[in-house]
Enquirer: 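One structure, as structure tokens, below. Some questions next.
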There are 2 protein chains.
Amino acid sequence: MARARIVDPEEGPRSKRGAILVAAVERFGEDGYENTKWSEVADRVGIGQTALYHYFESKAHCLLTIMRLELQRSHDQFVEATKDETDPVEEVRAAVRSAFAVTEQEIRQMRILQANMSLLATPRKSKREETERVAARQLVQMVERDWTSLLMRGMSKGAFPLRDAHTLGLSVLGMIVSVWRWYRPTGAIPLSEISEMIEGCVVRMVAE
Amino acid sequence: MARARIVDPEEGPRSKRGAILVAAVERFGEDGYENTKWSEVADRVGIGQTALYHYFESKAHCLLTIMRLELQRSHDQFVEATKDETDPVEEVRAAVRSAFAVTEQEIRQMRILQANMSLLATPRKSKREETERVAARQLVQMVERDWTSLLMRGMSKGAFPLRDAHTLGLSVLGMIVSVWRWYRPTGAIPLSEISEMIEGCVVRMVAE
DNA sequence: AGTCAAACTGAACTGAACTCAGGTTGTTTG
DNA sequence: CAAACAACCTGAGTTCAGTTCAGTTTGACT
């Protein structure tokens with residue numbers, strides 16, 4: 001499986017691009033994007049602030065890259081998880097479970113993505129930032145289409161009652177990703193329990 | 001009904017506090033908080049930038065005030081909408097409908113609230129900002145409790161199957177508020193349709 | 001050893017948020 | 001009425017994180 005990794009093997013051996021992304025995910029994920037000084041990321045990687053600009057055009061460019069990579073990963077994981085299922089209900093169940101089968105770093109990436117989603121709405125001034133933004137936007141639409149087309153397949157097979165698949169898909173997706181706003185690995189409820197609860201909710205929402 | 005209004009009648013007759021809040025809601029709601037220059041808000045109100053500091057300690061203080069007022073309004077509206085209902089299912093329906101019975105300005109306020117929710121997580125340096133942040137946080141918990149206690153009542157009455165009311169409440173709330181991330185009054189689907197669809201989803205989620 | 005691109009740096013710049021040191025306006029009170 | 005006072009406002013200056021500039025260092029490969 002070609003899952004989008006933070007560390008790109010295409011880079012030169014001396015490149016610190018991957019290390020910067022990892023450090024940025026940690027800091028942006030813990031304290032938030034606005035609350036994190038760009039120079040702190042440099043400190044953590046062990047380079048001067050200006051060296052960051054060798055790899056990213058700006059702090060926002062780094063953030064947008066993180067968001068795009070996370071969206072790519074989410075989409076890939078959805079496709080991977082649902083490709084072998086034929087029964088619509090089982091397909092929905094697999095999709096929900098895959099959304100919560102994530103590492104701690106991926107949780108941070110989801111949190112960053114959700115917290116800064118509105119950044120994708122308005123155009124960016126610089127070229128490379130805009131490229132990342134547009135790519136991220138398209139991936140958002142792709143993830144939305146993953147869900148809507150899954151629901152539409154289930155409806156046309158007669159497994160789900162007919163409803164507005166687009167609005168329903170956005171609602172399901174909204175409920176799933178809302179978890180990353182409050183979930184912390186140190187919290188009282190394990191993620192597996194949340195996943196099971198949401199799985200049941202989604203099935204009742206779409207199939208009854 | 002004492003709904004929290006943006007314009008506080010306690011203010012002096014010359015005060016532009018209300019006008020600043022209205023202008024800020026418009027600008028923050030349309031272009032986003034980070035994308036809006038604080039001086040643009042001053043321009044719109046027709047005062048110099050520094051005059052803003054007579055009413056708010058900072059741009060963030062203004063944002064936090066908007067968020068707190070919107071949370072207060074949401075809570076009040078929930079209480080108002082559910083107070084006469086006795087049947088748990090009807091109570092849930094009323095709560096969902098009330099969440100979507102909003103004006104265009106309130107839609108912007110919800111959008112601002114959702115987009116900047118993560119601001120409530122970390123303490124603020126200045127006194128007045130921190131006061132608003134803590135008040136907003138408590139209101140978030142109050143709105144969450146509105147939902148969880150509604151679900152718990154329904155469960156103990158035997159109207160809803162027993163589930164983790166807290167996680168379920170957060171999921172329901174997450175689905176509802178996720179609408180403000182993508183909904184625009186100019187869009188193809190009217191809000192009434194979205195409201196009906198979500199109402200059905202929530203009922204199936206909690207009552208079946 | 002020489003060349004080249006990738007990787008890096010300290011010093012200077014920018015712009016938006018904010019502070020300061022007062023000035024103006026309207027209202028209250030003797 | 002005018003003095004006193006608080007609310008309201010302003011232009012000039014400061015701050016600080018993000019960014020640009022003008023080069024310098026590093027290491028792989030002839």
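Below, chains carry the letters A, B, ... as their sequence lines are ordered, and counting in each starts from 1.
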Enquirer: Looking at residues 111-129 of chain A, who's got a heavy atom less than 4.0 Å off DNA chain C?
Expert: none
Enquirer: Please state how far atom CZ in B:Arg27 lies from atom P in C:dA17, giving the value in whole angstrom units.
Expert: 12 Å
Enquirer: Got A:Met205 and A:Leu168 here, is their nearest side-chain heavy-atom distance under 4.5 Å?
Expert: yes
Enquirer: Considering just the side-chain nitrogens and oxygens of A:Lys16, establish if one lies under 4.0 Å of OP1 or OP2 belonging to C:dA6.
Expert: no
Enquirer: Rounded to whole angstrom units, what separation is found between the CD atom of A:Glu40 and the P atom of D:dC16?
Expert: 15 Å
Enquirer: Ring of B:Tyr33, cation from B:Lys59 - is the NZ or CZ under 6.0 Å from the centre and inside 45° of the axis?
Expert: yes
Enquirer: How many whole angstroms separate atom OH of A:Tyr33 from atom P of D:dG18?
Expert: 8 Å
Enquirer: Can A:Glu26 and A:Arg108 be counted as an ion pair, charged N to O under 4.0 angstrom?
Expert: no
Enquirer: What I'd like to find out is whether the side chain of B:Val89 reaches to under 4.5 Å of the side chain of B:Arg93, using heavy atoms alone.
Expert: yes
Enquirer: So do B:Thr65 and B:Arg17 actually touch side chain to side chain, heavy atoms under 4.5 Å?
Expert: yes
Enquirer: In whole angstroms, how far is the P atom of C:dA16 from the CD atom of A:Glu34?
Expert: 14 Å
Enquirer: In terms of ring plane angle, is the pair B:Phe56 and B:His61 parallel, tilted or perpendicular, where the classes change at 30° and 60°?
Expert: perpendicular
Enquirer: Side-chain donor-acceptor pair under 3.5 Å between A:Ser74 and A:Glu70, yes or no?
Expert: yes
Enquirer: Can you tell me the distance, in whole Å, between the CG atom of A:Asn35 and the C1' atom of D:dG18?
Expert: 16 Å
Enquirer: Without placing hydrogens or testing angles, list every side-chain donor-acceptor pair under 3.5 Å for residues 147-155 of chain B, not counting sequence neighbours.
Expert:
residue: B:Thr148; atom: OG1; partner: B:Glu144; partner atom: O; Å: 3.2
residue: B:Thr148; atom: OG1; partner: B:Arg145; partner atom: O; Å: 3.3
residue: B:Ser149; atom: OG; partner: B:Arg145; partner atom: O; Å: 2.7
residue: B:Ser149; atom: OG; partner: B:Asp146; partner atom: O; Å: 3.4
residue: B:Arg153; atom: NH2; partner: B:Glu91; partner atom: OE2; Å: 2.5

Enquirer: Take atom CZ of B:Phe28 and atom C1' of C:dA17, then tell me their distance rounded to the nearest Å.
Expert: 12 Å
Enquirer: For B:Arg111, enumerate each residue passing the side chain to side chain donor-acceptor pair (under 3.5 Å) test, keeping only those at least two apart in sequence or located in another chain.
Expert: none
Enquirer: In terms of side-chain geometry, is the basic nitrogen of B:Glu130 or B:Arg133 positioned less than 4.0 Å from the acidic oxygen of its partner?
Expert: yes
Enquirer: Taking N or O atoms only and anything under 3.5 Å, show me the protein contacts with nucleotides 24-30 of chain D, one pair per line.
Expert:
residue: D:dT26; atom: O2; partner: A:Arg14; partner atom: NH1; Å: 3.3

Enquirer: Nearest to the side chain of B:Ser15, which nucleotide is it out of C:dC18, C:dA7, D:dC8?
Expert: D:dC8
Enquirer: I need the residues from residues 42-61 of chain A with at least one non-hydrogen atom less than 4.0 Å from DNA chain C; give them sorted by number, or say none.
Expert: A:Ile47, A:Gly48, A:Thr50, A:Ala51, A:His54, A:Tyr55
Enquirer: With sequence neighbours left out, which residue pairs that include part of residues 112-126 of chain B fulfil the salt bridge (charged side-chain N to carboxylate O under 4.0 Å, His left out) condition?
Expert: B:Arg124-B:Glu129
